[in-house]
There are 2 protein chains.
Amino acid sequence: MPKLTDPACAPQDHLARQRVALVHQGAIERAAGIFRAMGDAPRLRLLTLLGQGESCVTEIAAAEGEDLSTISQRLRVLRNEGLVSRRRNGKHILYGLADQHVADLLFNALAHASEGRADLSRFASLNPTKE
Amino acid sequence: MPKLTDPACAPQDHLARQRVALVHQGAIERAAGIFRAMGDAPRLRLLTLLGQGESCVTEIAAAEGEDLSTISQRLRVLRNEGLVSRRRNGKHILYGLADQHVADLLFNALAHASEGRADLSRFASLNPTKE
DNA sequence: CTGTCAATTGAACAGTCGATCAAGTGTTCC
DNA sequence: GGAACACTTGATCGACTGTTCAATTGACAG
């Protein structure tokens, strides 16, 4: 019987399997920034809310039962990573998801995290558009 | 000419547009946990490395020029969120991406963050498998 | 121009996170 | 069994993050 140790991890193997940096460090840092911004439950809730359509800060704060300032700060973080759009409308400023890519990321993660238990029907307009 | 204020954000509108919680709070928290784990550049680097195939901790540490313990701690965070798989092989413990879903999330974010500048060819085996 | 509504900003404080070190577990080889 | 290897764990500590409060900006109505 042959040795059954190290079929994939012998020292010489480590040398042989030189791995190249596939992705530029800058890209990794930008992606990490996006994930970090989404990696906070209150902020992620906010994104799912925006996934249903644009809202102004006041409306969001009312829906979440939170302070205006708190919501504004959360939106600032999301905006710094380019995850939300912003446009003024009279006295109000309307926020929304920045683009389809953000909606996809959101949709994929939520679908996975809720393992089919969620009703994402209202997200329909934002679902990944394949062909 | 009608007033052009508040076409989408009048007070009565706020009341009318009651938004339902589409996603269970638990799902949001799990998704946030996943994003948080991925929201750190060193950990995200680690995931892209594992995207090229399984590695043992020693190999990873050598590739990253980091301490064994540091790598182990990073892997622990990723493991707590179910992002990586682990199997023992002789003296070594091999880590890999947990499933296709993690690979998809990773791939999508990196593709977006590098805006076509990256060479993701070696990720081919992990690319989103549509139909 | 003044007051008011909508939202942002800066500062401060508490809570959380990540790298490191030292000590521990589990596995193989002799 | 015991030494050596591969990795994990717990504790510590500095750095970062999120919320809150107070003060500020910007837009609009009168």
Side-chain angles (χ1 to χ4, degrees), chain A residues 1-11 13-14 29 32-33 35-47 50 54-81 84-96, chain B residues 3-11 13-14 29 32-47 54-81 84-96:
Chain A
M1 192 189 286
K3 297 206 305 178
L4 34 77
T5 53
D6 289 337
C9 209
D13 209 24
H14 287 182
E29 258 144 35
F35 283 135
R36 192 183 313 120
M38 296 176 86
D40 177 70
R43 273 192 309 257
L44 198 53
R45 271 179 66 87
L46 223 163
L47 286 177
L50 296 181
E54 288 185 315
S55 302
C56 68
V57 182
T58 304
E59 181 179 17
I60 298 170
E64 300 285 313
E66 298 262 16
D67 196 84
L68 261 194
S69 185
T70 300
I71 299 299
S72 188
Q73 298 276 23
R74 288 180 191 159
L75 286 168
R76 189 169 63 83
V77 174
L78 296 173
R79 224 168 81 81
N80 283 342
E81 296 299 334
V84 298
S85 62
R86 174 156 93 146
R87 66 187 181 89
R88 187 169 265 281
N89 185 315
K91 284 189 192 177
H92 294 268
I93 295 177
L94 294 173
Y95 281 88
Chain B
K3 296 206 307 181
L4 36 75
T5 52
D6 291 336
C9 208
D13 208 25
H14 287 182
E29 258 144 35
I34 290 172
F35 283 136
R36 193 182 313 119
M38 296 176 85
D40 177 72
R43 273 191 309 256
L44 198 54
R45 270 178 67 88
L46 222 164
L47 285 177
E54 288 185 314
S55 301
C56 69
V57 182
T58 304
E59 181 179 16
I60 298 169
E64 300 284 312
E66 298 263 13
D67 195 84
L68 261 196
S69 186
T70 300
I71 299 299
S72 187
Q73 298 276 24
R74 288 179 191 159
L75 286 168
R76 189 168 64 82
V77 174
L78 295 173
R79 225 166 79 82
N80 284 342
E81 296 299 333
V84 299
S85 62
R86 173 156 94 146
R87 66 187 182 89
R88 187 169 264 282
N89 185 314
K91 282 189 195 176
H92 294 267
I93 295 177
L94 294 173
Y95 282 88

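Quick note: numbers below take in every heavy atom, side chains included, and nothing from hydrogens, waters or symmetry partners. Chain identifiers are assigned alphabetically (A, B, ...) following the order of the sequence lines, protein sequences preceding nucleic acid strands; residue numbering begins at 1 within each chain.
You won't find any donor-acceptor pair under 3.5 Å spanning the side chain of A:E66 and the base of D:dT19, going by distance alone. With hydrogens and angles left out, the side chain of B:Q73 and the base of C:dT20 share a donor-acceptor pair within 3.5 Å. Between the base of D:dC21 and the side chain of A:S69 there is a donor-acceptor pair shorter than 3.5 Å.
The CG-P distance, from B:D40 to C:dT16, rounds to 18 Å in whole Å. Between the CG atom of A:L75 and the C1' atom of D:dT19 there is a distance of 14 Å, rounded to whole Å. Taking atom CD1 on B:I60 and atom P on D:dA6, their separation rounds to 14 Å, with Å as the unit. The CG-P distance, from A:N89 to C:dA6, rounds to 13 Å in whole Å. A:L78 has its CG atom 16 Å from the P atom of C:dA7, to the nearest Å. Distance B:L94 CG to D:dA6 C1': 12 Å, rounded to the nearest Å. The distance between atom CZ of A:R45 and atom P of D:dT19, rounded to the nearest whole Å, is 12 Å. In this entry the distance linking CD1 of A:I71 with C1' of D:dT19 reads 11 Å, nearest Å.
Across all strands, A:R79 comes closer than 4.0 Å to no nucleic acid atom at all (heavy-atom distances). Residue A:I93 is classed as a sugar-phosphate contact, given heavy-atom separations below 4.0 Å to backbone atoms only.
By the 4.5 Å heavy-atom criterion applied to side chains, A:E54 and A:L50 are not counted as neighbours. A:E59 has its side chain within reach of A:C56: a pair of non-hydrogen atoms, C-beta onward, lies under 4.5 Å apart. A:L46 places none of its side-chain heavy atoms less than 4.5 Å from the side chain of A:E64. At least one side-chain heavy atom of A:S55 sits under 4.5 Å from a side-chain heavy atom of A:I60. You'll find the side chain of B:V77 reaches within 4.5 Å of the side chain of B:R43, heavy atoms only. Here the side chains of B:Y95 and B:R79 are in contact, with some heavy-atom distance below 4.5 Å. Counting only heavy atoms from C-beta outward, the side chains of A:I93 and A:R86 approach each other to under 4.5 Å.
Between B:R86 and A:R88, it is B:R86 whose nearest contact on DNA chain D lies nearer the 5' terminus.
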- Please test A:E81 against A:R36 for salt bridge (charged side-chain N to carboxylate O under 4.0 Å, His left out), starting from the C-alpha separation and ending with a verdict. CA-CA 9 Å; A:E81 296 299 334; A:R36 192 183 313 120; 5.0 Å; no
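Rounded to 10 degrees, the angle between the two end axes of the helix from C:dC1-D:dG30 to C:dC30-D:dG1 is 30°, with five pairs used at each end.
Distances were taken from every side-chain heavy atom of A:R36 (C-beta onward) to each of D:dT17, C:dA6, D:dA6; the shortest belongs to D:dT17. Minimum atom distance to the side chain of A:S72 is reached by C:dT8, of the listed C:dA7, C:dT8, C:dA19.
Taking 4.0 angstrom as the limit, A:R43 places none of its side-chain polar atoms (N or O) nearer than this to OP1 or OP2 of D:dT17. Taking side-chain N and O atoms only, B:Y95 has no distance below 4.0 Å to OP1 or OP2 of D:dA6. Taking side-chain N and O atoms only, A:R76 has no distance below 4.0 Å to OP1 or OP2 of C:dT8. Distances shown here put a side-chain N or O of B:T70 below 4.0 Å from the OP1 or OP2 atom of C:dT20.
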